[in-house]
Every structure is written in structure tokens, then in C-alpha cells.
Chemist: 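What follows is a structure written as C-alpha cells; I'll ask about it next.
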Number of protein chains: 2
Amino acid sequence: MTTLKDLSRHLKLSVTQVSRALNDHDDVSQATKERVQKAAKLLNYRVNMSAKRLVTGRSGIVGLVVEQDGDVLEPQLFTQVIWGLSHAFSERGRQFILHATGAGGDVLREYESLIDSAGIDGFVITEPTLNDRRIAYLINRKVPFVVHGRVPDHTDYAFYDIDNFAVGHDLTRYLIDRGHQRIAFLNGPANRTYVEARREGYVAALTGAGLALDQTLHITGDMAATAGLVSCIRLFDKDNVSPTAIVCSNITLAEGAYAGLKALGLAVPDDVSVVAHDDLLPGHAATSFTPPLTTTMVPLSKGWPPIADLLSREIDGAPLEQVQMVESMDLIERGSVRTL
Amino acid sequence: MTTLKDLSRHLKLSVTQVSRALNDHDDVSQATKERVQKAAKLLNYRVNMSAKRLVTGRSGIVGLVVEQDGDVLEPQLFTQVIWGLSHAFSERGRQFILHATGAGGDVLREYESLIDSAGIDGFVITEPTLNDRRIAYLINRKVPFVVHGRVPDHTDYAFYDIDNFAVGHDLTRYLIDRGHQRIAFLNGPANRTYVEARREGYVAALTGAGLALDQTLHITGDMAATAGLVSCIRLFDKDNVSPTAIVCSNITLAEGAYAGLKALGLAVPDDVSVVAHDDLLPGHAATSFTPPLTTTMVPLSKGWPPIADLLSREIDGAPLEQVQMVESMDLIERGSVRTL
DNA sequence: CCTTAAAACCGAAACGTTTCGGTTCTTTAG
DNA sequence: CTAAAGAACCGAAACGTTTCGGTTTTAAGG
């Protein structure tokens, strides 16, 4: 391994100047910079990261901590997240470490040890919950992080999010505009922030149109086809109050809803209209539904590059407005809604 | 951040002794070791990895490089692998970095840059193929690695594997012992080493019993239920030569086979017997088949701790026999085989 | 009580980089 | 021609650990 010292000897320059040349500082002449670059390439010089880390205190490493109940998160989704993040950071020359904690371990302890001994520069936090302890801890320890999502009323940190309020609002409003009045909402896991935000959008659209709220029409649960099926069927338990339309928080839930409606002998959209939010997960195309599903759409995969950029900026101490981003979304009409 | 120096001051010991105490060297008295441990805990001391790395020349980081076609590998399986490895290494105080390469990128270049600039200590290689380029490259660069699997006739490196020959052999032999003579094999993707090894075991069992080989009875393909269904139905295209038993390389394939047999109006085990290898993936229990599936079993999850240990040993330069491991397996009789 | 061996300890160097606080050389202004 | 300013460079310290090559203390043997 060639070191800076080797280079400096070879170039008859001080180690200082070689270092500064390679890092493009401004008190090195252009000529020298080029000479150094050339020699570095010639001698196949590679900076020793460990040394650099020791002296700068930065590791270039970012991390994601996932808790043991990895089975709770759909494997499909987990794969997407892991893959997307890893790829985005890899492309930017950062190392992405994945830290899987044991069952029942204290997650905050894991963060602590990662920060203190592995010298991690920053974290990505996924699936934030209301009052997320991780966020509080990292703010407190002043460690950079970016949240994939947002906690309502508490947004003094870096995040990438989609407009979940609009998801709930626009889908519901779309149905209201077409004459629907009893609209059910099959939402995701109860304590997730995006689930809450979507519920608020749903409620706002209903009350904005002067429609009554019915608590029994909003159902939280896993984002899985099986959960959608069960919830959907339960919606029709007392058929005098059955909904004429269903909003699904996710396309997998919609698969369940379609199956449930079919089992009940109800047709989409003639008997019941269905709309959903589409993350564009591979293997679950809204177009391959029969009839094709009307959706709001933001590809999940769109988020990884921004997240990597936002975290890099956050690590570099950029101001708040440069480390927050809300992705816009499209509403795509297909054939799953009937105008009453 | 507490450092060794802080500790030594607090304990009125030299930095040397503190370091040696924490690393359990043998010229430190037991009493001192305990005193140091206690103080370290009290002052919340965490070793600074960067410094340790610099002086030892080791980064403590291990990596897994996954290629873009992450969708080819079942998400279910990918999740298991990533999770298991990450967890095993996390528990051992190593950082596990996941490097996802872009589409069509040169994987070997990715290894090169990871080795040279990130200072990675070693790699895990999963899903090896016959004549795997990664293995050749890493051997050539003298970078430690451990293979999850094995390449036949070329085993001068660290690996963890199960006895795939035995999987093919024992399942086939089990059927032969019960009077079956036309035995099909739904195997995995063609160029994978474990697929080949299982095929060899299958062939050996057949020829060992003096039975004829029929090329059309061995089918390679994806390890998915859909692939199993299709292959299974094709097996019965010409019914004069239909198999009386099917060996499946994987429990998901067996799900497909069960579905295919059902569709063809054939009963398990009365018309056709089925056996499979079981990796014990969550959500695919052999016991929940009807009838319950007879399998050879090695939990996939059993491998991650040994893999982490083997790689650690390999990094420490342990001799070949200490860095290779073949896991034994169980054959569990359930109700999916009929004695002819 | 002295000698020797073993046990316990310690100072200082080393790892490869960045950066602080200079110095030297060149150019420009008066 | 001199003073000042700016450009280009450099030595040495620092980061927190491990480890080499000792020294001191304790215990054992005679």
C-alpha cells in the first residue's frame, strides 16, 4: 500500500502539500495538483480510510437499523427499501451498513454503540411512528439522520416524504365528486405516521363535503392482501350500512378488497368502487387488476436518491430547508370507479 | 467520548495496561481486569474503531455485494439472507455493509473499489455459480471471503454449505426404498452449484439402485410456486411415462407441485408421492401441507452464525480446515409418500 | 537474606491522515 | 529599491489505539 509519505518522497514535496493537493485545497498551485494526481494514479495510491476517519471524525458510513420483527414488514417491501437505499448510497461513494438488532433488544442501545464505536456519520429512519423514540434520541445526541416519512407537528429534522394527507384527501374527494357518500378506508398499521396523515386527509375530504363520519368505516391493519380481504368482508357485515366505495392505503390491500368483494358476489365498480394508493411495487401493477385500479401514485423507488442526498447534506450541516422534501403525486384514473 | 487515556487517568493505570486489560491479554492480573471492566462500563467507554482500525490494519467491516437483478432472487429469500447475515455480524461487533450494484455494472469493479477505498476486511459470497468470477477475483487479490455454498472440485477457500449431494441422494433413495422407480426432480436454477450437487445425488441414488435415468424427469427452473406448478404439469404431459414420485428442491416448488397435481386430479400420496428439501422459511411450513410434506431439513437461518464465524477466522488467517463447514441435515417423515 | 523467575506493569513509538501555525519565495505598489 | 501582500509550501502535532521492549514488584528457592 502506497501512503502519502511514499508519494511525498517520490514527488519531493511535503506530506502536507500532497494531502492538500489531493483534497483540492486552494493553497496548492494548479501545476502541483496535477503532478500529484498523476503520481497518485501511477503509484496506485488509495487513501487509508481508517486514518482519515480517525483524524476527521467522519467515517463516510451511514446506517439503517432494523428491528428484529423484520417479518412484520412485508419481505417484498423490505427488499425494496434495503435495495434502494443501499444502491443510492453505494452510487454516492458512501458505505451503507445494515444493522439488524436481536429480538427484544433495546434499539437505542444499538444506535448508541453504532455511533460511538463504529463512528457512523448518519442514519436513515424508516417507518416512523408517532412519538418516535429514535428521532428523539438522535436529535438529543446530535447525530445526523433523515426520516423516510414525517411525524406531524414536529418537523425540525431532515425528511423525505410524500403528501400523505393528499393521498387520503384526493382519493376520497375523487369518490365524493362522483356521488359516493358512504366511503370506507382500509388503512395501514395504526401507529404509523403516514397512516394517520392519510386518515386526516380522508376525514377532511368527508367533512369538507358535509358528509357524516362513521368510525366503523376506517379500518387499520397490516398492509397485506389477507388483511384487506378480512377487513373488506367485515365492512359488509351489516349490509344496511354498506359502503359504496372503498379507499385502500396500498395496492396489496386493494388486492384483498377485490378478492373480498368477489367472494361476496359484489362487482367492481358496478356494486362497489375501489381506489388505492400505488407505491409501484414490482409484481403488483394497478393495470393488471380487473377492472384496472384507479390510484394515486408515487413510486417508492423514487425516494432513495433524494434520501441519500438529503442525508449527505444533513451530515454536512445544511440548513433545515435544504434537507426536507415532499414528493408530489399523480392521480391516475382507470376503471374501478362508478359515478353514481 | 471517553478514551483510553481518560480511563487510565481515572484508574491510575497506564494506557497500555488498560488496553491490555480490555483485550484480555495475559499479563494483566485478574483483579485489574475486573477493575478496568467496571470503570469502562461506568464511564461508558467505547473503543474508537477508527483508531483501532488504523493501528491493526483491519476495518472490522465485512460486505456483501448484490447485483442489480435483485428481483430474480425471491424477496422472501433475499430478506432472510440479508437479515440473517446482518444480524450475525452485528452481534459479533462487525459492521455489515450491503453494496447494491447498478444494472449491468461490472461487479468485480465494485469489489475492487470496496477493497481499496473502504478497506473492507472480507466478503460473503452467496449463490455461487459454477466457475464463479467473484471467487477467482478475490482469491487473486488475496482478500478474505466465505462462500455460502460450494463450487464442486474447487474447494480451496472458506465456505459454509449443506450436503446438497445428500439432499438429492437421500430424498431419492427414500423413495426408491419405498418401491418408486420413476422419480422426477424439480430442481432450482440451472447454473447454481447446489442445484448441480443435488442433481448428482439424485443420479447417484438412481444408478446405485440400478434404475434407468430419464433426462426429461429432471427439470431446472426458478424456485417459485408458479415454476413448480408449470413443471409439475408438464411432467404428466405423456401419461404413459408419468412419474410415481417427485423430489422438489425447495418447499415453494412443492407448493407448486401440490397445486399442479390437484389440478390434474391426482392425489398425494395415493397417486403421486412428493418429497422436498425444506429451508424452513417462515410462512412455508411443511406441516401445513395437506398431506404434511416429508422433507430433508436444514434451516437456512442456521447458517448465518457459522458464516460470520468462518469469515472472522478466515480474516484472522486460520488454516483451511477451520474455515470450512458442511451442515448436516435431518430427514423428517410426514405423510406425503406412499409405499408401492 | 540473596538470587532468580514470574507476574504485573509502563513509556514511547507506530499506524496514515489532516490541519495549525508558521516560513519562504514571488509579485506588486509606491 | 523597499515594503507589503499574496502564493506556495512545510514541520509538527493531533486523532485513539495497539504493541514492542523494557522496568518494577512479588513470590519462590536455597
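Keep in mind that the numbers below use all heavy atoms, side chains included, and drop hydrogens, waters and symmetry copies. By convention in this document, chain letters (A, B, ...) are assigned in the order of the sequence lines, proteins followed by strands, and residues within each chain are numbered from 1.
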Chemist: A:R58 CZ to D:dC15 P: how many Å, rounded?
Modeler: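 So the CZ-P distance, A:R58 to D:dC15, works out to 18 Å.
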Chemist: Report the residue (A:D27 or B:L4) whose heavy-atom-nearest nucleotide on DNA chain D is the more 5′ of the two.
Modeler: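 Nearest-nucleotide comparison on DNA chain D picks A:D27.
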Chemist: Nearest whole Å is fine: how far is D:dA8 C1' from A:D24 CG?
Modeler: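 Computing the A:D24:CG to D:dA8:C1' distance gives 15 Å.
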Chemist: Expressed in angstrom and rounded to an integer, what is the separation of B:L13 atom CG from D:dT18 atom P?
Modeler: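 It is 15 Å, rounded to the nearest whole Å.
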Chemist: Is the count of non-hydrogen atoms from other residues, nucleotides or ligands lying under 6.0 Å from A:N191 atom CG greater than 12?
Modeler: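 Yes, because the 6.0 Å sphere around CG of A:N191 holds more than 12 heavy atoms from other groups.
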Chemist: Looking at D:dG16, D:dA8, D:dT18, which one has an atom nearest to any side-chain atom of B:N23?
Modeler: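 For the B:N23 side chain, the nearest candidate turns out to be D:dT18.
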Chemist: More 5' along DNA chain C: A:K52 or B:R20, using each one's nearest nucleotide?
Modeler: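 Its nearest nucleotide being more 5', the pick is B:R20.
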Chemist: Below the 4.0 Å mark, does C:dC10 have OP1 or OP2 next to a side-chain nitrogen or oxygen of B:S14?
Modeler: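 So the side chain of B:S14 is within the cut-off, an N or O lying under 4.0 Å from OP1 or OP2 of C:dC10.
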Chemist: Please classify the nucleic acid contact of A:S19 as base, sugar-phosphate, or nothing, using heavy-atom distances under 4.0 Å.
Modeler: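 It contacts base atoms.
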Chemist: Any idea which of D:dC15, C:dC9, C:dT19 is nearest the A:H25 side chain?
Modeler: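 The nucleotide sitting nearest to the side chain is C:dT19.
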Chemist: From the options C:dC15, D:dC9, C:dT17, select the nucleotide whose nearest atom is closest to the side chain of B:V55.
Modeler: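 Selected nucleotide: C:dC15.
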Chemist: Could you tell me how far apart A:Q17 (CD) and D:dA12 (P) are, to the nearest whole angstrom?
Modeler: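 Between P of D:dA12 and CD of A:Q17: 16 Å.
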Chemist: State, without any angle test, whether A:H99 and A:E110 hold a side-chain donor-acceptor pair at a distance under 3.5 Å.
Modeler: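 Yes, A:E110 and A:H99 have a side-chain donor paired with an acceptor closer than 3.5 Å.
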Chemist: B:D26 CG to C:dA7 P: how many Å, rounded?
Modeler: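 Atom CG in B:D26 sits about 9 Å away from atom P in C:dA7.
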Chemist: Provide, to the nearest angstrom, the distance between the NZ atom belonging to B:K5 and the P atom belonging to D:dT18.
Modeler: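 So the NZ-P distance, B:K5 to D:dT18, works out to 15 Å.
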Chemist: Pick the nucleotide of DNA chain C nearest each of B:T32 and B:A51; which residue has the one closer to the 5' end?
Modeler: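 Residue closer to the 5' terminus by nearest nucleotide: B:T32.
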Chemist: Quick one: label B:T16 by what it contacts on the DNA or RNA (base, sugar-phosphate, nothing), any heavy atom closer than 4.0 Å.
Modeler: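 If one applies the 4.0 Å heavy-atom cut-off, B:T16 turns out to touch a base.
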Chemist: Pick base, sugar-phosphate or nothing for A:T3, based on heavy-atom distances below 4.0 Å to the nucleic acid.
Modeler: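 Sugar-phosphate contact only.
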Chemist: May I have the distance from B:K33 (atom NZ) to C:dC9 (atom P), rounded to whole angstrom?
Modeler: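 Distance check: B:K33 NZ to C:dC9 P gives 10 Å.
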Chemist: Heavy-atom count around A:N23 CG within 6.0 Å, excluding the residue itself: above 12?
Modeler: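 Yes, because the 6.0 Å sphere around CG of A:N23 holds more than 12 heavy atoms from other groups.
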Chemist: Remember a base hit wins even if backbone is also touched, and classify B:V47 as base, sugar-phosphate or nothing at under 4.0 Å, heavy atoms.
Modeler: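 Contact class for B:V47: sugar-phosphate only.
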Chemist: Rounded to whole Å, please give me the gap between CG in B:L7 and P in C:dC10.
Modeler: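 Those two atoms, CG and P, are 14 Å apart.
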Chemist: With a 4.0 Å limit, can you tell me whether B:N48 has a side-chain N or O closer than that to the phosphate oxygens OP1/OP2 of D:dC15?
Modeler: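 No, no such contact exists.
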Chemist: Counting neighbours of CZ on A:R133 that are heavy atoms of other residues, nucleotides or ligands and sit closer than 6.0 Å, is the number greater than 12?
Modeler: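 Counting other residues, nucleotides and ligands, CZ of A:R133 stays at 12 neighbours or fewer.
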Chemist: For A:S19 and A:T16, test the side chains for any donor-to-acceptor distance below 3.5 angstrom and give the result as yes or no.
Modeler: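 On atom types as modelled, these side chains do not qualify, holding no pair under 3.5 Å.
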Chemist: Short question: side chain of B:R94, backbone of B:S90 - any donor-acceptor pair under 3.5 Å?
Modeler: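 Absent.
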Chemist: Looking across every strand, which nucleic acid part, if any, lies under 4.0 Å from B:R46 by heavy atom: base, sugar-phosphate, or nothing?
Modeler: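 Sugar-phosphate contact only.
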